[in-house]
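So that the names make sense, note that chain A is the first sequence line, chain B the second, and so on, each numbered from 1. These values consider heavy atoms only, across backbone and side chains, with no hydrogens, waters or symmetry-generated copies. Everything numeric in this text was worked out from a predicted model, so none of it was measured.
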Amino acid sequence: MACTAADVVAAIRRAAAVIEQENVRLTDLDRAIGDGDHGANLNRGFKAVLAKLDETDPDTPAAALKLVATTLIFTVGGASGPLYGTAFLRAATAVGDAAELDAAAVRAALTAARDGVMSRGKAQPGDKTMVDALVPAAEAAEGDSPAAVVHAAATAAEQGAEATRPLVARKGRASYLGERSADHLDPGAVSTSLVLRALAG
Amino acid sequence: MACTAADVVAAIRRAAAVIEQENVRLTDLDRAIGDGDHGANLNRGFKAVLAKLDETDPDTPAAALKLVATTLIFTVGGASGPLYGTAFLRAATAVGDAAELDAAAVRAALTAARDGVMSRGKAQPGDKTMVDALVPAAEAAEGDSPAAVVHAAATAAEQGAEATRPLVARKGRASYLGERSADHLDPGAVSTSLVLRALAG
Amino acid sequence: MKKIINDPDQVVAESLQGFAAAHADLVRVEYGPDIIVRADAPVAGKVALVSGGGSGHEPLHGGYVGAGMLDAAVPGAVFTSPTPDAVLAATQAVNAGAGVLHIVKNYTGDVLNFETAAELAAAEDIEVRSVVIDDDVAVKDSTWTAGRRGVGGTVLLEKIAGAAAARGDDLASVTAIAERVIGQVRSMGMALTPCTVPHSGEPSFTLGENEMEIGIGIHGEPGRERVPLQPADQIVQTLLSAVVEDLPFRSGDRTLLFVNGMGGTPQMELYLAYGVARRLLAEQGIEVSRSLVGNYITSLEMQGFSITLLKLDDELEQLWDAPVHTAALRWGV
Amino acid sequence: MKKIINDPDQVVAESLQGFAAAHADLVRVEYGPDIIVRADAPVAGKVALVSGGGSGHEPLHGGYVGAGMLDAAVPGAVFTSPTPDAVLAATQAVNAGAGVLHIVKNYTGDVLNFETAAELAAAEDIEVRSVVIDDDVAVKDSTWTAGRRGVGGTVLLEKIAGAAAARGDDLASVTAIAERVIGQVRSMGMALTPCTVPHSGEPSFTLGENEMEIGIGIHGEPGRERVPLQPADQIVQTLLSAVVEDLPFRSGDRTLLFVNGMGGTPQMELYLAYGVARRLLAEQGIEVSRSLVGNYITSLEMQGFSITLLKLDDELEQLWDAPVHTAALRWGV
Ligand SMILES: Nc1ncnc2c1ncn2[C@@H]1O[C@H](COP(=O)(O)OP(=O)(O)O)[C@@H](O)[C@H]1O
Ligand SMILES: Nc1ncnc2c1ncn2[C@@H]1O[C@H](COP(=O)(O)OP(=O)(O)O)[C@@H](O)[C@H]1O
Ligand SMILES: [Mg+2]
Ligand SMILES: [Mg+2]
Ligand SMILES: [Mg+2]
Ligand SMILES: [Mg+2]
């Protein structure tokens with residue numbers, strides 16, 4: 001049971017729905033240690049993605065992922081826009097033009113996404129960013145089906161997001177607070193785990 | 001028992017003390033229907049009067065009243081400065097250079113003060129201003145001693161001030177509120193009654 | 001009370017010291033009585049303009065002292081009109097023999113104190129004329145009341161009368177121009193929040209989270225009515241229609257539209273309100289040929305804004321465009 | 001939330017419409033993507049300057065588009081850096097072949113989005129250089145962190161680099177001047193109150209009646225520390241000494257002192273703070289030869305202020321004095 005373009009599109013629609021649902025909470029998290037717009041930013045972007053998906057029907061998984069990447073890059077802004085965009089863009093490139101993705105391809109996509117975000121944003125694990133969700137996610141991305149791989153990644157991402165709470169931020173706006181950034185969850189790590197869980201279905 | 005320059009100076013010092021005591025309340029009244037500075041304005045003025053009285057020692061009642069007038073005019077500002085100033089100035093003129101004031105002279109002073117304020121400010125009784133304290137005060141200013149005259153005036157002024165509560169202001173800042181100026185005491189009428197009561201001793 | 005101050009009684013003086021230091025090229029400030037005077041005053045042969053009033057409306061009036069506008073400003077205590085000696089000192093400092101125009105906002109205190117000052121100046125053979133601006137349509141006018149407040153129109157009046165004096169008009173002509181502006185300008189304001197006078201420490205009024213005051217002045221007074229919060233479109237409609245109907249402004253009129261912030265309103269909201277006003281005026285065929293948007297006559301940190309509309313003719317438009325060099329308004333130089 | 005707005009999602013667009021109408025002589029505004037462009041852009045032979053960032057800091061950046069300053073500004077959503085397509089559109093609109101300088105405030109989002117835009121522009125053979133301003137000393141700097149924020153110094157940078165481009169410098173020279181300003185400017189800010197982002201509706205943080213935030217940025221972020229309210233003398237001392245010690249500024253240095261309001265601070269308080277800063281600098285023998293006081297880079301309706309100090313030399317001083325004609329800064333023309 002591999003993963004077709006239609007499956008990917010369905011997964012993306014689930015992710016958009018979750019962001020819509022959770023955007024206020026994400027914005028609240030961002031207000032505590034950032035500037036209070038993360039949920040609004042992602043929601044603006046994923047709404048645009050849904051609009052795009054209503055017009056066009058990507059014929060490969062990569063095409064679907066690329067559509068998400070470019071749409072987020074051109075509608076989200078902020079730090080999360082380019083970073084989420086890079087993640088989906090690298091994932092698209094990683095899976096090439098295959099019509100269906102197997103477990104290995106999905107694992108490769110997650111690894112590429114992690115590397116892309118880290119090279120673009122220069123954040124290391126422990127800096128209290130979405131990297132703290134992506135790194136464990138990519139490592140845990142094992143399983144005998146695409147769904148299993150993403151499920152494992154999502155679970156690891158959730159733990160990684162939770163683990164950002166005690167951290168003092170070294171990247172992103174939260175870093176301006178110094179010590180005061182501790183005892184708060186990183187909004188981008190949380191949104192990353194939400195998206196992965198939704199993609200897993 | 002007539003009233004000497006020293007008696008007038010003592011009375012003025014009592015008035016200054018009362019304004020110092022009550023200035024916050026007067027400012028609160030002014031905040032409700034004005035701009036929240038009446039107490040501060042008068043207090044600034046009467047403090048200056050006390051300072052002047054420490055330097056110079058007026059040798060006639062008129063000189064004492066004139067000192068108060070000019071000091072208030074040059075330190076209070078606002079609407080109450082010129083109006084209080086005019087009141088004391090006209091009172092000074094009314095009593096001439098007599099060394100002592102009898103009941104009749106004090107009554108004449110109060111009448112002159114009322115006329116001065118009314119001609120300068122163009123307010124009529126019922127406009128919700130200090131005139132509503134001064135008019136009844138001047139009418140009630142009867143008695144067989146200066147003290148008795150001022151006591152009678154102060155009592156009438158207090159009733160006049162109290163009676164401003166239901167009025168809709170037609171003069172002063174309170175008039176900008178239209179109907180909303182009703183159900184509040186006029187700060188200037190209240191301060192006028194306070195000053196008269198203090199002068200009465 | 002949250003303010004960047006030291007001693008509430010020293011706020012005006014300490015602020016003046018900063019102003020003097022920042023704008024030494026434009027003004028000199030004298031203390032006790034406090035006056036702000038053009039650095040090059042008195043300007044030979046020129047009619048001098050003096051305005052003033054309570055402090056707390058900055059940049060009014062001190063920010064308008066300089067070439068092409070005021071020759072002196074007289075700052076009173078916060079929201080308290082200055083005393084006659086201060087107005088007199090300013091009048092003496094700027095008088096160059098061509099006469100002095102007092103620009104007075106219509107508040108009992110301002111009118112009375114400037115009156116006394118004018119008498120004192122006359123006693124020194126200084127020729128003084130006075131104009132009283134009362135452009136606030138929120139206040140019902142009548143000979144039986146204190147009449148209307150002077151608000152936003154004051155800024156336009158000071159600029160245009162200042163330009164007339166700068167081009168060499170004599171006292172009678174400058175006064176006539178000033179009267180013309182007063183006859184053709186109308187304003188109305190609203191507030192989302194009150195303001196706090198430093199020496200009082202208490203908010204000037206209290207408003208619910210969903211209330212606003214319509215028809216406020218510039219002294220933290222409550223307005224004529226308190227209503228539920230509305231969208232900008234409705235608020236602007238309310239203020240603008242009151243302003244337009246009062247003069248009235250008619251289709252085909254050419255105007256200057258001035259959207260003024262009360263001190264605590266973000267520029268983003270002022271421009272938004274300006275845009276709405278432009279749309280509504282266009283619908284009525286009223287042309288806007290000049291504009292001013294920003295915090296020009298304020299009420300401390302109050303959030304809110306006012307709309308001022310001035311009917312223009314070629315001469316008033318030229319006088320508005322004439323060079324001005326002050327701390328708060330500058331162009332053409 | 002109390003704001004003069006209609007739909008929170010339309011605030012930026014509606015405000016831009018008002019801005020465009022008020023300043024049609026200076027700028028033209030294009031929508032979707034939103035950009036504010038000099039009315040006469042592209043200016044033949046001139047290096048073009050583009051800046052941008054989240055909205056809510058007005059007059060930054062749109063208020064600085066015009067002769068002698070920016071050629072285009074790119075306003076993002078409130079407090080959210082604009083997307084690459086918008087930055088690209090602005091870059092294309094102003095490019096006259098002499099190259100384009102991107103002036104970027106150091107925030108991860110701004111840096112990443114301008115990076116992408118620069119790549120896209122390069123792909124169209126537009127020569128783009130970028131400078132990143134990071135003048136906020138409240139933030140500890142290190143290669144392991146996001147580094148310092150770009151705050152008040154941005155206004156001075158845009159004015160001075162704009163003047164260099166206006167006098168005809170090539171892209172390399174304008175970039176060098178910009179880098180010199182960045183190397184010599186430092187800032188720090190504080191807040192008495194938070195601000196509220198329209199689409200969120202919640203205050204960015206909560207402060208007790210007797211608390212203030214020291215070391216805030218311009219996005220309603222909490223500052224580095226929350227301390228009890230202090231007199232202006234102490235607050236200015238705290239901000240200024242951090243600024244002075246960081247560069248460090250030394251006795252004999254000539255400087256431009258910029259006291260900036262965060263949007264909701266009365267001018268009276270800004271000038272008071274400026275006066276205190278002048279006194280403290282004089283005590284240290286630091287000369288202030290140029291000044292700027294007012295709301296120039298704001299955080300919506302936040303009450304508070306920042307102090308920016310720029311070390312001047314003859315050339316930077318001349319470039320500062322050079323004529324500028326924008327909605328928010330104008331002199332010499
Ligand atoms: N350098 C970085 N590397 C990786 N992630 C980052 C970086 N900087 C910020 N982020 C992520 O972006 C999130 C904030 O996104 P968002 O609020 O949308 O943008 P902005 O900070 O510009 O307002 C943070 O919670 C963090 O997870
Ligand atoms: N035209 C007037 N005639 C008489 N009294 C007046 C007039 N206008 C105002 N007042 C008095 O002045 C008082 C307000 O004084 P104050 O608050 O010190 O001045 P301001 O109104 O300028 O702030 C009012 O309460 C009223 O009694
Ligand atoms: Mg954010
Ligand atoms: Mg009052
Ligand atoms: Mg007053
Ligand atoms: Mg943001």
D/I218, part contacting chain A, at a heavy-atom distance under 4.5 Å: neither

Out of D/P203, D/G53, D/G220, D/G223, which one racks up the most heavy-atom pairs below 4.5 Å with chain A? D/G223

Residue A/R44 versus chain D: region with a heavy atom under 4.5 Å: side chain

Using modelled atom types and a 3.5 Å cut-off, is there a donor and acceptor pairing between side-chain atoms of A/D127 and backbone atoms of A/Q124? yes

Can you confirm whether A/K66 is buried at NZ, in the sense that more than 12 heavy atoms of other residues, nucleotides or ligands lie under 6.0 Å from that atom? no

Can you tell me which portion of A/R180 sits under 4.5 Å from chain D's heavy atoms? Options are side chain, backbone, both or neither. side chain

Side-chain donor or acceptor of A/S181 paired with backbone N/O of A/L177 under 3.5 Å: no

Which residue out of D/E225, D/R148, D/K140 racks up the most heavy-atom pairs below 4.5 Å with chain A? D/E225

Looking at D/N113, D/D110, D/T108, D/V111, which one has more heavy-atom pairs under 4.5 Å with chain A than the rest? D/N113

Hey, what's the ring geometry for A/H38 with A/Y84, parallel, tilted or perpendicular (30° and 60° as the breaks)? tilted

A/T75, part contacting chain D, at a heavy-atom distance under 4.5 Å: backbone

Counting only non-hydrogen atoms closer than 4.5 Å, does D/P33 touch chain A with its backbone (N, CA, C, O), its side chain (CB onward), both, or neither? neither

If I measure from the heavy atoms of chain D, does A/V76 come under 4.5 Å with its side chain, its backbone, both, or neither? backbone

Under the 3.5 angstrom rule, does the side chain of A/T56 hit a backbone N or O of A/P58 as a donor-acceptor pair? no

Would you verify whether the NZ or CZ of D/R149 falls within 45 degrees of the ring axis of D/Y107 while also being under 6.0 Å from that six-membered ring's centre? no

Can we say D/R224 and A/E179 salt-bridge, meaning some charged N sits less than 4.0 Å from an Asp/Glu carboxylate O? no

Which bit of A/A123 comes within less than 4.5 Å of chain D, counting heavy atoms only: side chain, backbone, both or neither? neither

Bottom line for D/H219: the part with an atom under 4.5 Å from chain A's heavy atoms is both

Kindly check if the number of other-residue, nucleotide or ligand heavy atoms within 6.0 Å of CG (A/D54) is above 12? yes

